[in-house]
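Read through the structure below, which is laid out as structure tokens, and then see the notes.
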There are 2 protein chains.
Amino acid sequence: MPPAQRHPTMADVAERAGVSASTVSRTLRGLSTVSPEVRARVERAARELNFAVSRQAASLVTGKTGVVAVLTPTLNSWFIGSAVSTLGPQLRAAGMDLLVYVTPDMTERADFFERLPARRNADALLVFSFDLTEEETARLDDLQMPVIYVSQHAEGCPSVYVDDVEGARRGTQHLLNLGHRRIAFFQTIGASGFAFSSNERLVGYQQALTEAGVPLDDDLVVAAPVADKRSIAEAVGELLSLRDAPTALFAEQDELAASVIWTLRKSRIDVPERLSVLGFDDHPIAEWSDLTTIAQSPEDIGRAAGELACSLVNDPDADPAQHVILPTRLIPRGSTVPLPDGGGEMGGGAAESGA
Amino acid sequence: MPPAQRHPTMADVAERAGVSASTVSRTLRGLSTVSPEVRARVERAARELNFAVSRQAASLVTGKTGVVAVLTPTLNSWFIGSAVSTLGPQLRAAGMDLLVYVTPDMTERADFFERLPARRNADALLVFSFDLTEEETARLDDLQMPVIYVSQHAEGCPSVYVDDVEGARRGTQHLLNLGHRRIAFFQTIGASGFAFSSNERLVGYQQALTEAGVPLDDDLVVAAPVADKRSIAEAVGELLSLRDAPTALFAEQDELAASVIWTLRKSRIDVPERLSVLGFDDHPIAEWSDLTTIAQSPEDIGRAAGELACSLVNDPDADPAQHVILPTRLIPRGSTVPLPDGGGEMGGGAAESGA
DNA sequence: GTGAAAGCGCTAACAA
DNA sequence: TTGTTAGCGCTTTCAC
């Protein structure tokens, strides 16, 4: 019987089952080279002793830690929270643990990059931080382990992200199909570095307009910080006072779109009657605000990232620069309506409503 | 020079610095028994080799993993996300890593409790899951490591939570001070198990009424699931159609309060003119909705939990059943106003507005 | 199919 | 102040 105040070891289990430690190890790892009866004895002994394998000891000899690390500025975000919440069970199913490095400000981040604690304590790193400097990225390149970029494209590195261009294109087409021709685009400024998606979405918007033969107009592209209601109100005001004011507005994110709607309603400007508003993300606020939006699924992204991590860790000849690009999906809600005099849906509309 | 495709070990550093591995170990752990010059040599060698200590190997001999684990049903929640986001840096500062076990559904949770992977892979466990069964709690009691309950009271175990009774009492007093006498209380049903807080808040509400000599009225206490707008609307409808309808409503959580406001406004019932609404939590939606609320700080809770964990791990004679009870704070906003004919603030009001 | 022995990278006790 | 030695709990040859 093992000492009371200590965790039982394989030796304890071995003794109890009347076998050697090697056999216990083989049994518990499910190697088939163990006879059924011995296996049963070992499993019973392990259960009775409440034995759990020590990752620490195992990793010392295998060289694998059984841990996937996540680097993120925060967990308090719809997107990241959802993605990581999916990631956890996903990794667990593959027998891996999830270690989280939260670096809300520059101090913590600098510390992380200086010590890079992940390097010895994880088999792979998922990067949820969007605004890394070149220097930081370079540091990660030396990491001797798979580094996967989430929700951002990283040249030469594995990454997982949604097709922002295509999503924004489809969203803009939806507005075009509703008869809108003067469509504004509202960007965010200085967000926590979603810059990659931001640009892509603008590109998709421009593509759709160009394809439809609608001229681009710089006056229709405005920007403000998501949290700054004042700037948002001003930008919206400027748009509406244009000689040829927009009849629809595509906000780069749902939170921004919701702010716009809130601003407009406060000024007694009806949405969607006076201005159709389209968002991006399908953030919970979109449903609350009855906002038409282009949905991305953080859960799918988390799952894909987890799969990618596992495959890169376990399969030595997995493509080390694999990109997983996930689709988006238009969710029509009440904030976008046909342009009154414009003629309503002009084809393609029926297909969309299935979403 | 160490082989290319492998992490350098202490032996590599030792060789490079011309000392023994023990000296490297001592240096890197900051033990003072190392001469300044040797220390400098070792540190330089370690830096040049890009060396990081392997927790796995160290823990094998020290018996400590350097890891604090968190058990949570999700990370996609304002409260948990904020708390864990604070916890991360906090632990990092104490040299510990943060491991997260996410168990969104019963399957994962059953698996967690069956294997209890935390037992060999962490020094302490923070429990963010609220609705554990007795059996599960018992299992955690055997865990041979500090288990800290967050946002819930656990008899005989260390825990961290806010003073819900006092918060609700103060909130109710705020409404009483505004002249309200018919004050409804809106509970949530079958939430992910915030049952502990829920009951406490009801108690605080009742206490305040009783102290003020206002009779309790069961008709004024209603309940609905947070997400079920239909039930919420019905419950509110019933309240307003009472012969002696309430003039104020205290919703147990901000999200519920926001739903109530939304419902009322939709039915053209003015808030706060017709009904003052008070929430609890200071969830971001409270600011959005201009909701008076009783704030709790998930950041403070996370921080306190981290401190508690560290002290229990490092200080063998720390009180093993310490409770940290944090205060709440009333945040007056636009959703609560004096009762028109009731006479307005009746003292104590000035003190509150400082919040 | 099973056991014995070596050793993963580190720290702790002891010796110098 | 520093080096030597032993060993943490496990996996992995290699015999049998």
Side-chain angles (χ1 to χ4, degrees), chain A residues 2-3 5-43 45-46 49-67 95 117 119-123 144, chain B residues 2-3 5-43 45-46 49-67 95 117 119-123 144:
Chain A
Q5 285 298 33
R6 243 196 56 252
H7 289 291
T9 71
M10 277 199 176
D12 297 321
V13 178
E15 187 186 340
R16 188 173 185 112
V19 296
S20 73
S22 322
T23 302
V24 175
S25 172
R26 284 190 277 255
T27 306
L28 266 30
R29 277 177 301 148
L31 301 194
S32 48
T33 66
V34 182
S35 74
E37 37 187 347
V38 170
R39 167 174 300 277
R41 276 217 315 282
V42 170
E43 279 169 348
L49 289 178
N50 211 334
F51 172 80
V53 174
S54 158
R55 273 245 157 80
Q56 339 294 326
S59 78
L60 201 54
V61 31
T62 59
K64 307 226 159 271
T65 60
V67 168
R119 74 191 128 160
R120 286 307 285 282
N121 302 301
D123 296 336
Q144 302 286 358
Chain B
Q5 287 297 33
R6 241 194 59 253
H7 288 292
T9 72
M10 276 199 177
D12 298 320
V13 179
E15 186 186 342
R16 188 172 185 115
V19 296
S20 74
S22 321
T23 301
V24 174
S25 172
R26 283 190 278 253
T27 306
L28 266 30
R29 277 177 301 150
L31 300 193
S32 49
T33 66
V34 181
S35 74
E37 37 188 346
V38 171
R39 168 174 299 278
R41 275 217 315 282
V42 170
E43 279 169 348
L49 291 177
N50 211 334
F51 172 80
V53 175
S54 159
R55 274 247 156 81
Q56 338 293 327
S59 78
L60 201 53
V61 32
T62 59
K64 307 227 159 270
T65 61
V67 168
R119 74 190 128 158
R120 289 304 288 271
N121 302 301
D123 296 336
Q144 302 286 357

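Every chain is numbered from 1 and lettered A, B, ... according to where its sequence line falls, protein lines coming before strand lines.
Of the possible donor and acceptor atoms, none in the side chain of R16(A) sits under 3.5 Å from a partner among the backbone N and O of A45(A). No donor-acceptor distance shorter than 3.5 angstrom exists from the side chain of Q56(A) to the backbone of G63(B), with no hydrogens or angles considered.
The minimum heavy-atom distance between V13(A) and V24(A), with the atom names listed, is CG1-CG1, 3.9 Å.
Residue pairs satisfying the salt bridge (charged side-chain N to carboxylate O under 4.0 Å, His left out) criterion with at least one member in residues 53-62 of chain A, sequence neighbours excluded, are listed as follows: R55(A)-D97(A). Residue pairs meeting the salt bridge (charged side-chain N to carboxylate O under 4.0 Å, His left out) criterion with at least one member in residues 29-41 of chain A, sequence neighbours excluded: R39(A)-E43(A).
With sequence neighbours left out, S20(A) forms a side-chain hydrogen bond (donor to acceptor under 3.5 Å, both in side chains) with T23(A). The side-chain hydrogen bond (donor to acceptor under 3.5 Å, both in side chains) search around T27(B) returns none, not counting sequence neighbours. With sequence neighbours left out, S35(B) forms a side-chain hydrogen bond (donor to acceptor under 3.5 Å, both in side chains) with no residue at all. For R119(A), the side-chain hydrogen bond (donor to acceptor under 3.5 Å, both in side chains) partners two or more places apart in sequence, or in a different chain, are N50(B).
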All N/O contacts under 3.5 Å from nucleotides 5-9 of chain D to the protein, with atom names and distances to one decimal?
| unit_1 | atom_1 | unit_2 | atom_2 | d |
| --- | --- | --- | --- | --- |
| dG9(D) | N2 | A57(A) | O | 3.3 |

Enumerate all atom pairs, one protein N or O and one N or O from nucleotides 14-16 of chain C, separated by less than 3.5 Å.
none

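Of the candidate nucleotides dA4(C), dT2(D), dT11(D), dT2(D) has the atom lying nearest to any side-chain atom of T23(B).
Between the CD atom of E15(B) and the P atom of dG9(C) there is a distance of 14 Å, rounded to whole Å.
Between S25(A) and the phosphate of dT11(D), there is a side-chain N or O to OP1/OP2 separation shorter than 4.0 Å. Applying the 4.0 Å criterion to OP1 and OP2 of dT1(D), one finds that R39(B) has every side-chain N and O outside that range. Contact between the side-chain N/O atoms of R29(B) and the OP1/OP2 oxygens of dC10(C) is not found at any separation under 4.0 Å.
Heavy atoms of T62(B) sit under 4.0 angstrom from primed sugar atoms or phosphate atoms, though from no base atom.
Rounded to the nearest 0.5 angstrom, N121(B) CG and S59(A) OG are separated by 9.5 Å.
With the end axes of the helix from dG1(C)-dC16(D) to dA16(C)-dT1(D) each set by five pairs, the angle from one to the other reads 30° at 10° resolution.
Between T33(A) and L31(B), the one whose closest nucleotide on DNA chain C sits nearer the 5' end is T33(A).
Here the side chains of M10(B) and V53(B) are in contact, with some heavy-atom distance below 4.5 Å.
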